[in-house]
Amino acid sequence: MKDYTAQLEKYADLVVNVGINVQPMEGLIITSNASGLPLAREAMKKAYAAGAKHVEFMMADDAMTLARYHHAKDYVFEQYPEWKVELLIKLYESNYHHLYIIAPDPELLKDIPGDIIAKDQRNASAAMSPATKYRMTGQTKWCIAAVPSEAWALSVYPDESVETAMDLLWDKIFDATRVSEKDPVEAWKVHDQNLKKYKNYLNDQQFEKLVFTAPGTALEIGLADEHYWMGGSKQSLAGIPFVANIPTEEVFTTPHRYRVNGTVKSTKPLSHNGKLVEDFGFTFEDGKVVDYYAAKGKEVLDAMLGNDEGARYLGEVALVQNDSPISNTGILFNNTLFDENASVHLALGRAYAYAMQNGSNLTQEELEAKGANFSLIHVDFMIGGPEMEIVAYTKTGETVKLFSAGNWTF
Ligand code: ZN
Ligand code: ZN
């Protein structure tokens, strides 16, 4: 492995001082598995240097995750330890913020029955929702950043040795997160201002619909009533800006469930539940997927679209320009944090409440009445590329060109 000491320090600086934006006397929780330790250790230094009152490290371990799935009795997956929820709430109440360092193994759960995983995840997220609320309301700042695991690196570079694959993926992650730049913190300030510029413009305009044109794509997406564009840093309730995903390149909002018409072709493979779908596309009529194809992995789409009624409707439209550090790496990361930020993308399934005006205060019925889709799934797929053209229509029928040859026009 190459010596990454300098880059790791810059990466830690970025996740602590831009991602979480740790303030004096705040607490920090760092959650990570073993592959994340080198970054976690650096992040701990940076957090104390920024004035943290305490940094708590919470370890997750892939082998132990598997041990539980393989050996636990059925009833283990029916309940969730209440104290874990209470602990998190206690910490969040005490002004702790949360850094998640992920080093995923894309195929970790490939031998575990899907229904067990689904039941377990449903249980855990239902039990955790009182704690999750602290992040959703902005009381707790959070940031997700990634480092390579051996399994992940080999999934991206299957023909390389583990060592080489790890080095290659580290380099790509440093490029994609702007850590390779001379002053990553400054680069993120500029980048965030850009995203804010697009987000504010789109929110001011409240466009009626967007029309996407590219090879294999001629798609009209009506936007939900009172949709809200999100992008770049968020603000905590205390007024501190933080970046929840590093990297992030998207500005996104909520399509209207029933106002999507035309065809769309994917431009990157979709990795879903450990399986790959390639060269696929959808035809929409009044919002609903009425036809679809895939050169490879069509059965994955069959299962995905069959989840529930909402799985056949869109829940997100996200604009990402083709010229960005992530897409310029030229690789598929096999990880949503990176891949969805490499390209214009859509998501089938659930819309985000916070991508609607005042959305966090609306009931599910109120959100649906404005056109926000509901589903148990949210699956992003990429449609962007160097030939993508996007035209926006105002409510009075005037047009504005947003994307030309894959990039923002302004
Ligand atoms: Zn997105
Ligand atoms: Zn999404």
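Predicted model only: the values in this text are computed from it and were never measured. Order of appearance sets the numbers: ligands from 1, and atoms from 1 within every ligand.
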Have a look at Glu316 and say which of its N, O or S atoms is nearest the Zn ion (ligand 1).
OE2

Using a strict threshold of under 4.0 Å (side-chain N to carboxylate O), is an ion pair present between Glu9 and Lys45?
no

Shortest non-hydrogen contact from Tyr313 to Arg257?
CD2-O, 3.2 Å

Looking at every heavy atom in both Leu314 and Leu348, which two are closest together, and how far apart are they?
CD2-CD2, 3.9 Å

Angle in degrees, rounded to 10°, that OD2 of Asp380 and NE2 of His378 form at the Zn ion (ligand 2):
100°

Taking both backbone and side-chain atoms into account, decide whether His345 has an N/O/S atom under 2.8 Å from the Zn ion (ligand 2).
no

So which of the N, O or S atoms of Glu250 lies nearest the Zn ion (ligand 1)?
OE1

A side-chain contact here means heavy atoms from C-beta on lying under 4.5 Å apart; do Leu219 and Phe282 qualify?
no

